[in-house]
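Everything below concerns the one structure shown next.
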Amino acid sequence: MHRNAPHPVAKLILKYSKMNIANDNIILVGFMASGKTTVGTYLSSITNRTFVDTDQLLVEQFGTSIAEFFKTHGENRFRESEKEVIQKTCDQSNQIICTGGGAFISLQNQSIMLSSGKVFWLDVNRNTVLQRIKYDQSERPMLSHPDFEERIDALLNERQPFYEKAHFKIDANSKTVEELSSQILGHIEIQ
């Protein structure tokens, strides 16, 4: 890179900070380890929108990790709380919303999210997931299975038809955060 050339990140920030993007929410869905939080945080910084991670809101509400909540109260109770948080979050606008990997499976959540803004599915394949979760499987309650690789395959197959209902599909396997963010913002209507 030429010494005086602006950094690619600086170019993106400059480009998108000057745009008036519609006040709809930008909602990121997809499988665990698809990069939703990383991309969402970055998008928030270059668009000056509020970043909301629904899993983090749930952790704050529960006072414990999601994995621990799953063990103690079960998935059904978790999904009920998740729906409430998604509804409250999507009632506001001008946000970057990152959701848990299973949130978009609920038809009610889908309806809420699809009507609250533009929904982007960050699509990753099995190998990408395995590479990214190598060191934090214990924090992922949906992987508490003797053969977690088999569990990943089953969940990817089960969830794909739901993810396909998103407004846009973004291949998130081998792109940088900047590339993914630029691609997402390229789909947003500028007003």
Side-chain angles (χ1 to χ4, degrees), residues 6-67 69 78-124 132 136 139-140 162-163 165-170 172 175-191:
H7 191 276
V9 174
K11 282 186 193 177
L12 275 177
I13 291 171
L14 183 61
K15 178 180 179 182
Y16 292 111
S17 65
K18 292 182 176 180
M19 292 182 169
N20 183 15
I21 300 172
N23 279 341
D24 290 343
N25 292 312
I26 297 172
I27 304 165
L28 306 177
V29 301
F31 202 70
M32 65 185 80
S34 61
K36 298 181 298 285
T37 301
T38 304
V39 171
T41 302
Y42 181 74
L43 277 170
S44 173
S45 73
I46 65 173
T47 61
N48 204 25
R49 289 172 172 240
T50 303
F51 173 70
V52 180
D53 182 330
T54 59
D55 276 354
Q56 186 56 44
L57 291 177
L58 287 163
V59 166
E60 292 167 13
Q61 178 181 315
F62 299 152
T64 187
S65 71
I66 289 174
F69 189 87
F78 171 79
R79 296 296 176 201
E80 288 171 19
S81 297
E82 184 178 55
K83 281 179 193 175
E84 291 170 14
V85 165
I86 286 171
Q87 178 68 64
K88 286 178 188 170
T89 301
C90 288
D91 280 346
Q92 300 171 47
S93 63
N94 207 31
Q95 304 172 103
I96 307 290
I97 302 171
C98 166
T99 64
F104 205 60
I105 306 310
S106 156
L107 296 179
Q108 182 180 348
N109 288 347
Q110 276 179 36
S111 177
I112 292 166
M113 289 187 250
L114 289 167
S115 64
S116 172
K118 300 292 184 219
V119 179
F120 292 86
W121 167 28
L122 298 186
D123 182 30
V124 288
R132 292 180 183 174
D136 70 347
E139 292 301 310
R140 301 185 182 274
F162 296 99
Y163 293 148
K165 295 177 183 176
H167 293 114
F168 303 99
K169 176 182 175 182
I170 306 289
K175 294 184 179 110
T176 66
V177 172
E178 293 84 4
E179 289 169 333
L180 290 168
S181 298
S182 185
Q183 192 173 351
I184 288 167
L185 291 172
H187 289 289
I188 301 294
E189 270 188 48
I190 307 300
Q191 295 183 338

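Position 1 is the first residue of the sequence; numbering continues from there.
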- Task: Write down the atom of V59, the atom of S65, and the distance for their closest heavy-atom approach.
- Result: CG2-CA, 4.4 Å
- Residues that K165 engages under salt bridge (Lys or Arg N to Asp or Glu O under 4.0 Å), provided they are two or more places apart: none
- Task: Could you pull out the closest heavy-atom pair between G117 and D24, with the gap in Å?
- Result: CA-CB, 3.7 Å
- Item | Closest contact, heavy atoms only, Q92 versus S116 | O-OG, 4.3 Å
- Determine which pairs satisfy ring pair (Phe, Tyr, Trp, His ring centres under 6.0 Å) with at least one residue from residues 78-104, sequence neighbours left out, and list them in order. F70-F78
- Does the T50 side chain pair with the main chain of I96, one donor and one acceptor, at a distance under 3.5 Å? no
- Message: Please find the pair of heavy atoms, one from S181 and one from I46, that lie closest to each other, and give the distance.
- Response: CB-CD1, 4.3 Å
- Could I get the full list of side-chain contact (heavy atoms from CB on, under 4.5 Å) partners for A172, not counting sequence neighbours? L122, V124, L180
- Hey, what do you get for CG (L114) to NE2 (H167), rounding to the nearest 0.5 Å? 4.5 Å
- May I ask you to test the L43-R49 pair for a side-chain heavy-atom distance under 4.5 Å? no
- Note on the structure: Shortest non-hydrogen pair, N94 vs N25, comes out as N-OD1, 3.3 Å
- Sequence neighbours left out, what passes side-chain contact (heavy atoms from CB on, under 4.5 Å) with S106? Give chain and number order. K83, Q108, N109
- Query: Would a 4.5 Å heavy-atom cut-off, applied to side chains only, mark Q95 and I27 as touching?
  - Reply: no
- Drop me the distance from K118's NZ to L185's CG, to the nearest 0.5 angstrom. 13.5 Å
- Does any N or O in the side chain of K36 come within less than 3.5 Å of the main-chain N or O of G30, such that one atom is a donor and the other an acceptor? yes
- Query: Where do V29 and A166 come nearest, in terms of heavy atoms and distance?
  - Reply: CG2-CB, 4.4 Å
- Item | Partner set under ring-ring contact (aromatic ring centres under 6.0 Å, His included) for F168, not counting sequence neighbours | F120, H187
- Message: Just verifying a value: how many Å separate M113 CE and L28 CG, rounded to the nearest 0.5 Å?
- Response: 11.0 Å
- Who passes salt bridge (Lys or Arg N to Asp or Glu O under 4.0 Å) against D53, sequence neighbours left out? none
- Item | Spacing of E84 atom CD and L57 atom CG [to the nearest 0.5 Å] | 12.5 Å
- Item | Residues that F162 engages under ring-ring contact (aromatic ring centres under 6.0 Å, His included), provided they are two or more places apart | none
- Item | Contacts of T41 that satisfy side-chain contact (heavy atoms from CB on, under 4.5 Å) - sequence neighbours left out | T37, F51
- Item | N/O donor-acceptor pair under 3.5 Å between S45 side chain and Y42 backbone | yes
- Item | Separation of I188 CD1 from T47 OG1 (nearest 0.5 Å) | 9.5 Å
- Sorted by chain and number, sequence neighbours left out, side-chain contact (heavy atoms from CB on, under 4.5 Å) with S111 holds for none
- May I ask you to decide if F31's main-chain N or O and S34's side chain share a donor-acceptor pair within less than 3.5 Å? yes
- Excluding sequence neighbours, so at least two apart, what forms side chain to side chain donor-acceptor pair (under 3.5 Å) with Q110? none
